[in-house]
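See structure below.
Just so you know, these numbers come straight off a predicted model, no measurement behind them. For ligands, and for the atoms within them, numbers begin at 1 and follow the listed sequence. Note: hydrogens, waters and symmetry copies are ignored here, and every other heavy atom, side chains too, is used.
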Amino acid sequence: MMLRALFEEIVLIDADDALARAEAADLSDANALARPARVWAGTYADAATARIAVVTAGAASRHQESRLALASRSAAIVVQCARSLADAGFDGILLVASNPVDLLAAVALRHAGLPAARVIGTGTLLDTSRLRQALAHRLDVAPGAIHGFVLGEHGDSEVAAFSSLRIGGQPLESFAPEADLPAVAEEVRAAAYRIIEGKGFTSFGIATAIVRICEAIVRDERAILPVSARLSGEFGIDDLHLSMPCILGAGGIERVLLPDLDEREKAALKRSAEILRDALARLDSGG
Ligand SMILES: NC(=O)c1ccc[n+]([C@@H]2O[C@H](COP(=O)([O-])OP(=O)(O)OC[C@H]3O[C@@H](n4cnc5c(N)ncnc54)[C@H](O)[C@@H]3O)[C@@H](O)[C@H]2O)c1
């Protein structure tokens, strides 16, 4: 974020004060060689007038802990962040990256005191980048030349919407009839696991996705990105956060779009929504 010179001020808040101070000091060193920005470790009061608050706080996974138990500890952390921002009078856009991101964006919305258009999850923007990258390698075109989306849950039930994907205006089945789409979808789905196996966490991909979303908002770009938005009836899905292509601008989610999907993709999206609804219910009931 600092290197893209998007903001004049960046406040870091972490439960671990010493960590926030150290990261801020390290970033400040880097800033001497970049465009000026003030980066410091602060408080929620310092963030009250921020344009965007990005929530990346989460619980670290413990040995043999279930996904739901981890989700429930991360949910408690996100609730605390959202409430603290609300108490400080924050009235900007809340971008949630903490996992499980669709559930935690829904949880944040309940506590942030903000309209739904201003509580966004990073969703499948990262998965969509991975899809473009995976296809770019196979088809020998630039990732940016591939127009398409991964939709639904950021997670195992995500849906690679191949039927609406276009390369130079051409559908995938005519551009590359031989492409092994299930293998591509699986590579995308497993990408995070492979990275975590090697380095323990993922960082550059998600950080760049966060920056891209912030950029679209700060510059009121009306860019169309797949992010986790509160749905209200799209594809029959209500009252849930999941990823659809959205027009992003100064007001956050300016509009949720409905891409053309084939019947199989529509069914997969509904399944993804059911999985999320069920997980949210279990999270609400404490497991
Ligand atoms: N959406 C995505 O695509 C994506 C990608 C990567 C990571 N993530 C998620 O981002 C989150 C963070 O990942 P990480 O690798 O940076 O983990 P991390 O453990 O390195 O960082 C989490 C930080 O949250 C802080 N924290 C804990 N409770 C807090 C609280 N109540 N208030 C403020 N800070 C608090 C911790 O001190 C820690 O520094 C995880 O939930 C992870 O799953 C999401």
Under a 4.0 angstrom heavy-atom cut-off, which atoms of ligand 1 come close to [X]?
| X | answer |
| --- | --- |
| Ser98 | 9 (C), 10 (O), 41 (O) |
| Leu126 | 3 (O) |
| Thr122 | 1 (N) |

Hey, are the side chains of Ile93 and Val119 touching, using non-hydrogen atoms and a 4.5 Å cut-off?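 No, too far: nothing below the 4.5 Å cut-off.
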
Heavy-atom distances under 4.0 Å decide this one: backbone, side chain, both or neither, for Asn99 against ligand 1?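 It is both backbone and side chain that touch ligand 1.
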
Side chain, backbone, both or neither: which part of Asp14 comes within less than 4.0 Å of ligand 1 when only heavy atoms are counted?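 Both backbone and side chain.
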
Tell me the protein heavy atom at minimum distance from [atom], and give that distance in Å.
| atom | answer |
| --- | --- |
| atom 3 (O) of ligand 1 | His154 NE2, 3.1 Å |
| atom 26 (N) of ligand 1 | Ala57 CB, 3.9 Å |
| atom 1 (N) of ligand 1 | Ala97 O, 2.9 Å |
| atom 30 (C) of ligand 1 | Ile77 CG2, 3.7 Å |
| atom 31 (N) of ligand 1 | Gln80 OE1, 2.7 Å |
| atom 15 (O) of ligand 1 | Phe201 CB, 3.9 Å |
| atom 33 (C) of ligand 1 | Ala15 N, 3.3 Å |
| atom 16 (O) of ligand 1 | Thr56 O, 4.6 Å |

Does Ser74 have a heavy atom less than 4.0 Å from any atom of ligand 1?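 Not so, Ser74 does not reach ligand 1.
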
Identify whether the distance between the nearest side-chain nitrogen and carboxylate oxygen of Glu187 and Arg138 falls below 4.0 Å.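 Between Arg138 and Glu187 there is a salt bridge, with a charged N closer than 4.0 Å to a carboxylate O.
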
Of the choices Ser84, Ser228, Gly58, which has the non-hydrogen atom that lies closest to atom 22 (C) of ligand 1?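 It is Gly58 whose heavy atom sits nearest to atom 22 (C) of ligand 1.
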
Check each of Thr202, Ile210, Thr124 against atom 7 (C) of ligand 1 and report the one with the nearest heavy atom.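 Looking at heavy atoms only, Thr202 sits closest to atom 7 (C) of ligand 1.
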
Minimal non-hydrogen separation, Val79 against Val107, with atom names: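 For Val79 and Val107, the tightest heavy-atom pair comes out as CG2-CG1, 3.4 Å.
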
Shortest non-hydrogen separation from Thr122 to Ile210 and the atoms involved: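 Smallest heavy-atom distance, with atoms named: CG2-CG1, 3.8 Å.
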
Would you please test Phe162 and Asp262 for side chain to side chain contact (heavy atoms under 4.5 Å, CB included) and show each step? CA-CA 9 Å; Phe162 288 119; Asp262 65 23; over 6 Å; no

Given 3.5 Å as the limit, does a donor-acceptor pair link the side chain of [X] with the main chain of [Y], or not?
| X | Y | value |
| --- | --- | --- |
| Asn31 | Ala37 | yes |
| Arg132 | Ala145 | no |
| Arg189 | Asp156 | yes |
| Glu234 | Ser232 | yes |

Verify the distance criterion only: is there a donor paired with an acceptor across the side chains of Asp46 and Thr43 at less than 3.5 Å?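 Judged by distance alone, the side chains do pair up.
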
Any protein heavy atom at under 4.0 Å, with atom 20 (O) of ligand 1 as the reference point?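 Answer no: nothing from the protein, no heavy atom, is under 4.0 Å.
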
Does any N or O atom in Leu19 lie less than 3.5 angstrom from one in ligand 1, N or O only?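 Among all N and O atoms of Leu19, none is under 3.5 Å from an N or O of ligand 1.
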
For salt bridge (charged side-chain N to carboxylate O under 4.0 Å, His left out), just list the numbers for Asp102 and Arg230, CA-CA rounded to whole Å, side-chain angles, deciding distance to a tenth of an Å, and then say yes or no. CA-CA 9 Å; Asp102 303 288; Arg230 171 62 136 219; over 6 Å; no

